[in-house]
Amino acid sequence: GMELRDVFVACVRSGDLTCARRAFDSLPERHLICWSLLLSAYAKRGCFDEAKALVEGMPEWDLVSATTMINLLSERGCPKEARGVFGQMELRNVVSWTAMLSGFARNGRLDEAEAMFDAMPERNVVTLNSMLAAYIQHGKTSVAKEFFDSAMPVKDLVSSNTMLSGLDLAAAEEMFGSMEAIDIVSCNVMLSAYAQSSAADRAEKIFESMAHHNVVSATAMLTAYARAGDVE
RNA sequence: AGAAUCUUCCG
């Protein structure tokens, strides 16, 4: 049957955090995973005050909840505090290391992101993608290209989309044309590149070729029209 | 049942 815990999980999934909180407060047993799930939901929605209050009552921590906290602090622009949490963790894994890497990068600290990358005992494709994104976020296009071509033993579609997003229009068109697999994000990257160049006509061609669109596709397309002067 | 990476705008 339906238990309170299922109600709680359903509320979190539906995005109704007020309902989730009520269900959470009514739970007879609050497993660590429930605390962690609610914390993660607050983090995703940017509800920092609620997250902070929740954290103050958290009876225990584990690898996953600590990693969520690293993300929360990084999103909040507190990489030093995130590092503090990381430093106090009993256990770390490739996810927590990668969260730190990404958090430093998002806070403009490329050298510390690189230091994390160099120091971590294990890397996976998400780690590599995060490092690639860090270079691109910091405008290091040629470093990113070199990294993508020579330092990534494993790649996926996120890798390609990340690289694509860092290229100038001509290079992006060339890469896009040679990609063996593309998805909606790849197309959105191209829409955005065309929008930046006010090339609404070429953006339209991509848009019309897409099997599915989302809100990102739509706003990128509108931006292309606006920049081309076709929308007042 | 919970954590890390890519694209638009907003925050």
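Just so it is clear: chains get the letters A, B, ... in the order the sequence lines come, proteins before strands, and each one is counted from 1.
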From G2(B), A3(B), U5(B), pick the nucleotide closest to the side chain of Ser36(A)? G2(B)
Of the nucleotides A3(B), A1(B), U5(B), which one has an atom closest to the side chain of Cys34(A)? A1(B)
Do the rings of Phe24(A) and Phe8(A) sit parallel, tilted or perpendicular, given the 30° and 60° boundaries? tilted
How close or far is atom P of U7(B) from atom CD1 of Ile206(A), stated in whole angstroms? 18 Å
Testing G2(B), U7(B), U5(B) for proximity to the side chain of Ala133(A), the answer is U5(B)
Which nucleotide in the set U5(B), U8(B), G2(B) lies at the smallest distance from any side-chain heavy atom of Ser65(A)? G2(B)
Does the side chain of Tyr225(A) come under 3.5 Å of the side chain of Glu204(A) through a donor N or O and an acceptor N or O? yes
Criterion side chain to side chain contact (heavy atoms under 4.5 Å, CB included) on Asn71(A) and Arg106(A), from CA distance to verdict: CA-CA 10 Å; Asn71(A) 260 318; Arg106(A) 272 185 277 124; 3.2 Å; yes
Atom-pair distance (CZ on Phe148(A); P on U5(B)), nearest Å: 19 Å
Considering only side-chain heavy atoms of Arg13(A), which listed nucleotide, A1(B), U7(B), A4(B), is closest? A1(B)
Specify the separation, in whole Å, of atom CG of Leu191(A) and atom P of C9(B). 12 Å
Here the distance between atom P of C6(B) and atom CE of Met131(A), to the nearest Å, is 13 Å
Any base atoms under 4.0 Å from Asn214(A), or only sugar-phosphate, or nothing? Heavy atoms, all strands. nothing
From C-beta outward on Val158(A), which listed nucleotide comes closest to its side chain: A1(B), C6(B), G2(B)? C6(B)
Integer-rounded Å distance: U5(B) P and Asn107(A) CG: 13 Å
Ile33(A) has its side chain closest, among A1(B), C6(B), A3(B), to A1(B)
Nearest-Å distance for atom pair CG/C1', residues Leu222(A) and C10(B): 14 Å
Taking A1(B), A4(B), U8(B) as options, the one with an atom nearest any side-chain atom of Arg5(A) is A1(B)
Take Thr127(A) and Thr98(A), measure what side-chain hydrogen bond (donor to acceptor under 3.5 Å, both in side chains) needs, and give me the verdict at the end. CA-CA 5 Å; Thr127(A) 313; Thr98(A) 302; 2.9 Å; yes
Give one of base, sugar-phosphate or nothing for Asp62(A), where a contact means two heavy atoms less than 4.0 Å apart. base
Under 4.0 Å, counting only non-hydrogen atoms across every strand here, what does Val126(A) touch: a base, just sugar-phosphate, or nothing? base
Mind checking whether Phe147(A) and Phe117(A) have ring centres under 6.0 Å apart? yes
Can you tell which of U8(B), U7(B), A1(B) lies closest to the side chain of Val185(A)? U7(B)
Rounded to whole Å, please give me the gap between CG in Asn71(A) and C1' in A4(B). 6 Å
Closest non-hydrogen contact found for Ala51(A) with Leu39(A) is CB-CD1, 3.9 Å
Can you find a side chain N or O atom of Lys44(A) that sits less than 4.0 Å from OP1 or OP2 on G2(B)? no
Considering only heavy side-chain atoms of Ser192(A), the closest of U8(B), A3(B), A1(B) is U8(B)
Can a donor-acceptor pair under 3.5 Å be found between the side-chain atoms of Asn93(A) and the base atoms of A3(B)? yes
What's the CZ-C1' distance between Arg227(A) and U8(B), to the nearest Å? 13 Å
Side-chain donor/acceptor of Thr219(A) to base of U8(B), under 3.5 Å: yes
